[in-house]
Enquirer: 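The following block contains the structure, expressed as structure tokens.
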Amino acid sequence: MNKLIFFIIISISTLYAQKTLSRQIFLAKEKVFPALVHIQPIKEIFTSGEKRKLQVTGSGVIISPDGYVVTNNHVAEKARFVICTLSSKHELEAKVVGLDPWTDLAVLKLNLEKAGLTKVPYAKLGGSEDIEVGQVVLALGSPLGLSRSLSMGVVSSVERYFDDIGEMISPFNLWIQTDAAINPGNSGGPLIDLNGNVIGINSRSVLFGENLGFAIPINTVKYVIDQIRKHGEVERSWIGIGWQEIREYRKYKKQPDLEGVLIANVEKKSPAEKAGFKPGYVITAVNGKPVSAIYQEELPKIRLLVSNLPIKSKIVFDVLTEKGKKKVELITQKQGKFTGNEFQCDEWGLSVKEITPRIVKNFQLESDKGVLISGVRRGSKADEADISKGYILTLIDGKEIKDLADFKKKYAQYIENSKKSYMLFLKYAQRRLYALIKGDK
Amino acid sequence: MTKIIRITIYLILLFYTVVSADTNDWQKAIANIRDKVVLIEYYEQIISSESIVEKSRIKRQLSGLLVNESGLIITSSSIFKASLEFTSAASIFSRAQKPTNIRVKFQDKDYQPADFIGKDDDKKLAFIKLKEKPEILPIHFSDKPDLNLGSMALVIQHLNKRYDYEIMVNERLINAIITKPTKKYLCENTSMSLCRFGLVLNIKGKAVGIMRSSTNMNFSPIEFSDVPSASPAEIIPYSTFKELIANPPVYKEKETARKKWLGIYMQPFTRDMAEYYNKTELEGVLINTILKDSPAQKAGLMSGDIVTSINDIKISAEQINDLKVFRKLIRGQKVARVTFKIFRNGKYMEIEVNLGETPISQFLADEVSNSTFGLSVKELTQDIILAKQLDLDTDGVWVSKVERAGWADVAGLRIGDLILKINDQTINDLEDVKINFNLIEKEKPGYFSLFIKRQTETRFLFIKTNFED
């Protein structure tokens, strides 16, 4: 008899648990589903010197009754025109409020007035500090364009760190890893807990990997939303230091208890270089507060310590050099633009791009003077002159091109007289090139 | 009427005589010459950038031609693929080693040993020499190629392995004649042969040239479906390699004689440019880039100079292809001192230039390997500097090999990394590397550090050692 009761109790409790999980999922979904948006931006991209249009699909989540939407930068960047479909199947226009490529986040604003709406359902943002590995999470979005999909998984890791790969950079992010199915199109959609709170924004999956999805923790998202709503961008302080964790350095130095973070790289002409920082120095405190990064995952924290300071802040570093301890001061600068503006020159058949600090660094340029040739149209005057993508245009008819604005101004004058020829001087690494843009005959 | 018939018969007879004569000529010629077309067998080292000690090698075959009494044999430069001189940035990972265990097989005879002599990368030809004087007489080439557009030529090659390297002959129509920068003839290629290399006879059965693979590496654009992708075979006449046979290039590693070098990048000075500068009579080559510390810079040449003549030989270029003439003229100079006539800022002027030797490629650069640490480093050469877009006067060493799963690999070192410091000691050259490597091997620390530059970023790598193992 006892055995039987025991057996019954077990079965009922299992049933009950199953029911509650299913119920919990359902309730959580119900809370966030109305705030889920399917985003279809029309992007303007430059290929082969020409502006082309491209439609992509992504997801997003409404975060306020007046229609602010958070999504990924890679969904919303270069968007000329954004259409958002709510789960009520209302189609609304949206404008891009601000983009932050450094964290891969973007904020949009729905045009409620035009749609005749006064408010929209929104999702509640949770906190990412309490997320635990093993916790059940749900991913919402439009994987591969299949709108309003839901998938479930657990949190696999809360501090996944990625090195930069080309344009895919995330110096400030520690990612939430989940086995909830995340596919292209899920990008920008919310990752929620069983209480229906948004705890992350789904952003990345691994090509050929299975059940490996990555979301940006909501605390990072909240900071970025706040900055974008205030300034239209995230203003960050920059000092030009590349950091490295000290795990192996400790062993090399035979100082197993050393705390601090190693300087791996000092950028040319940066505040750090001017202040005399050198690779090999170890920073032990920032503005009196001890800092340490034993593992790679601790680097974003160090970077944020600097970047979140107001621009032109004074920072005092405690530094360990080969000659002993010292204090070094510097004033931060504003972090440069991630991507520059692009401009299409129909008459010459090329597109040019602003030279941002990242281009200066990646192309190892001496200065930011000139414009970057970002594409050349086949059969155009520029193509005939053997100009190709990647060259930096520095002179036209012997006159210096300072920046994109300067180029645009001069270009407008040049094309007025289509009969005249122009001699362009370009460079690519050590190579120089004279290119004659021929006037019409 | 009979007259016409008689003339016709006469013509037919004449035609037959000509044709049959040709056939006979070719057959006779083949019988005479086939034993001078030899099969070369050699070993090529298989190079792996993931292994410091090279272990495997592969047996290869090529065709060759006996060209003098003492046993000199000419063949394709593919017998030794490394480009010895820096030419462009493209050769970054082309590594190859001198062929070993070379043997030559004459028809119906045993293999005979031979040595590698040298090669000419411009002409894509190489030389080997028999260790013992051969009994067979060499090929006698004719100075008059007698190859015309539309005329026939006979190519003698070896078949591939499947057919046991038998001699194969092919009749080839001369499809095109290229004159710049040197004369060569194009004909269709065949896929049955062992290699592109072969002997060419003209219609009279005279040996007049060599068939070899195309030197023009410009690939055609692929987006147009009617662009054929196969390149033709090239026939070069005797005049192109006569001088080489008399004076074969000798490979002496770093001491190998190299061609003359100016140290510029250039582009055609086109008619449109001449018009732009209101100088319609001006013809030449436009110098756009002067490499740092090059002979060009030392002579005072400048970006923007238009070279109109060299040693009174007029220069002109309308298309990129025309620049080859200029290049050949510079590389082929026997004397270092040449006179350039240039046009600069509206004036003609003469400049004396002392041409230098072409810098070596990464292939001839010295290398320091350490199989315990699992890495090899090489001195920086011009080709690597250009490929990595470094400043031209950058000193230092770069990582040329990383042993798979070796100490350096585990620490994250990659091929192509520049080593700036070892254990806080600045590294300027291979000597510095040797000193520091020796020190580490003596002191046997648990870790040593490398400060490296990868693309645009510097960073530290800490290499865990395991000397006890």
Side-chain angles (χ1 to χ4, degrees), chain A residues 163-164 166 241-254 262-268 278-282 321-322 358-366 378 381 384-386 390 395 397-398 420-439 441, chain B residues 88-89 221 223 263-277 286-292 294 302-304 306 319-320 382 385-392 410-412 420-421 423-424 445-465:
Chain A
D163 271 335
D164 299 349
I241 287 181
W243 304 104
Q244 190 172 339
E245 72 282 2
I246 60 162
R247 191 173 67 138
E248 299 297 307
Y249 179 76
R250 277 170 151 191
K251 297 177 189 164
Y252 164 67
K253 283 278 174 185
K254 296 193 189 108
L262 183 63
I263 296 181
N265 188 54
V266 178
E267 274 178 48
K268 276 185 192 153
K278 294 208 166 57
Y281 286 7
V282 173
T321 72
E322 66 272 33
R358 284 186 72 227
I359 292 177
V360 172
K361 191 179 163 195
N362 294 342
F363 283 68
Q364 308 191 49
L365 305 176
E366 292 123 39
R378 245 172 220 287
K381 287 182 177 182
E384 264 177 53
D386 283 326
L395 303 171
D397 276 357
K420 207 178 159 318
S421 298
Y422 295 96
M423 184 66 91
L424 277 51
F425 185 65
L426 308 106
K427 58 183 186 180
Y428 179 80
Q430 313 296 346
R431 208 178 262 262
R432 305 287 177 268
L433 178 75
Y434 293 87
L436 186 73
I437 298 282
K438 273 186 258 174
K441 277 176 190 159
Chain B
S88 67
E223 58 244 58
I264 61 161
Y265 285 122
M266 58 190 167
Q267 61 185 92
F269 184 74
T270 61
R271 294 300 80 224
D272 291 317
M273 286 185 177
E275 230 169 79
Y276 171 83
Y277 287 116
L286 173 60
I287 297 179
N288 54 35
T289 314
I290 306 277
L291 296 181
K292 223 183 257 177
S294 65
M302 282 159 63
S303 171
I306 297 145
Q319 276 154 22
I320 292 190
Q382 290 272 0
I385 287 176
L386 290 174
K388 292 186 149 292
Q389 303 185 7
L390 301 169
D391 283 336
L392 289 175
V410 170
L420 309 177
K421 284 181 180 180
N423 278 343
D424 301 327
Y447 277 85
F448 65 92
S449 87
L450 298 178
F451 181 51
I452 59 145
K453 187 171 185 213
R454 179 176 298 163
Q455 282 151 6
T456 60
E457 299 266 346
T458 56
R459 63 171 296 141
F460 292 92
L461 296 175
F462 303 103
I463 299 183
K464 188 178 190 310
T465 63

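Residue numbers begin at 1 in each chain, while the letters A, B, ... track the order of the sequences.
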Enquirer: Can you check whether Y447(B) reaches K253(A) side chain to side chain, under 4.5 Å on heavy atoms?
Expert: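 Counting from C-beta outward, Y447(B) and K253(A) never come under 4.5 Å.
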Enquirer: Check F451(B) against P279(A) and note the closest heavy-atom contact, atom names and distance.
Expert: CZ-CB, 3.2 Å
Enquirer: Is it true that S303(B) and Y434(A) share a donor-acceptor pair across their side chains at a distance under 3.5 Å?
Expert: yes
Enquirer: With only heavy atoms counted, which part of Q267(B) is less than 4.5 Å from chain A, the side chain, the backbone, both or neither?
Expert: side chain
Enquirer: Does CD in E366(A) sit with more than 12 non-hydrogen atoms of other residues, nucleotides or ligands closer than 6.0 Å?
Expert: no
Enquirer: Can you name the closest pair of heavy atoms from Q430(A) and T289(B) and give their distance?
Expert: O-CG2, 2.9 Å
Enquirer: Which answer fits Y422(A), side chain, backbone, both or neither, if we ask what part of it has an atom under 4.5 Å from a heavy atom of chain B?
Expert: backbone
Enquirer: Measure across V266(A) and T458(B) and return the closest heavy-atom pair with its distance rounded to 0.1 Å.
Expert: N-OG1, 4.5 Å
Enquirer: Can you tell me how far the CE atom of M423(A) sits from the CG atom of D272(B), to the nearest 0.5 Å?
Expert: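 Atom-to-atom, M423(A):CE and D272(B):CG are 10.0 Å apart.
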Enquirer: Which one of T270(B), L390(B), L291(B), L461(B) has the most heavy-atom pairs closer than 4.5 Å to chain A?
Expert: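 With the most close heavy-atom pairs to chain A, the winner is L390(B).
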Enquirer: Is it the case that more than 12 heavy atoms not belonging to K420(A) sit under 6.0 Å from its NZ atom?
Expert: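 Yes, enclosed.
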Enquirer: Identify which part of Y276(B) has an atom lying under 4.5 Å from any heavy atom of chain A, answering side chain, backbone, both or neither.
Expert: side chain
Enquirer: Identify which part of I287(B) has an atom lying under 4.5 Å from any heavy atom of chain A, answering side chain, backbone, both or neither.
Expert: backbone
Enquirer: For a quick test of reading the model, state the closest non-hydrogen atom pair linking K453(B) to Q364(A) and the distance between them.
Expert: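 Heavy-atom minimum between the residues: NZ-OE1, 3.4 Å.
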Enquirer: Do you know the tightest heavy-atom contact between I320(B) and D386(A)?
Expert: CD1-OD2, 3.8 Å
Enquirer: Could you tell me whether E248(A) and K464(B) have a side-chain N and a carboxylate O separated by less than 4.0 Å?
Expert: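 The answer is no: the pair does not qualify as a salt bridge.
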Enquirer: Please flag which part of Q455(B) lies under 4.5 Å from any non-hydrogen atom of chain A: side chain, backbone, both or neither.
Expert: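 Interface part for Q455(B): backbone (N, CA, C, O).
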Enquirer: Could you tell me whether R271(B) atom CZ has more than 12 heavy atoms of other residues or ligands within 6.0 Å of it?
Expert: yes
Enquirer: Between CD of Q389(B) and OH of Y428(A), what distance do you get to the nearest 0.5 Å?
Expert: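 Nearest 0.5 Å value for the CD-OH distance: 4.5 Å.
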Enquirer: What I'd like to find out is whether the side chain of N288(B) reaches to under 4.5 Å of the side chain of F425(A), using heavy atoms alone.
Expert: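 Counting from C-beta outward, N288(B) and F425(A) never come under 4.5 Å.
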Enquirer: If I take atom CZ from residue F363(A) and atom OG1 from residue T456(B), how far apart are they, to the nearest 0.5 angstrom?
Expert: 11.5 Å
Enquirer: Nearest 0.5 Å please: distance from the CG atom of L286(B) over to the CG atom of L433(A).
Expert: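 CG of L433(A) is found 9.0 Å from CG of L286(B).
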Enquirer: What part of K251(A) gets closer than 4.5 Å to chain B, counting heavy atoms only: side chain, backbone, both or neither?
Expert: both
Enquirer: Where do F460(B) and I263(A) come nearest, in terms of heavy atoms and distance?
Expert: CE1-O, 3.2 Å
Enquirer: Nearest 0.5 Å please: distance from the CE atom of M273(B) over to the CG atom of L436(A).
Expert: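 Interatomic distance, M273(B) CE to L436(A) CG, rounded to 0.5 Å: 5.5 Å.
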Enquirer: What part of K292(B) lies closer than 4.5 angstrom to a heavy atom of chain A: side chain, backbone, both or neither?
Expert: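 Neither part.
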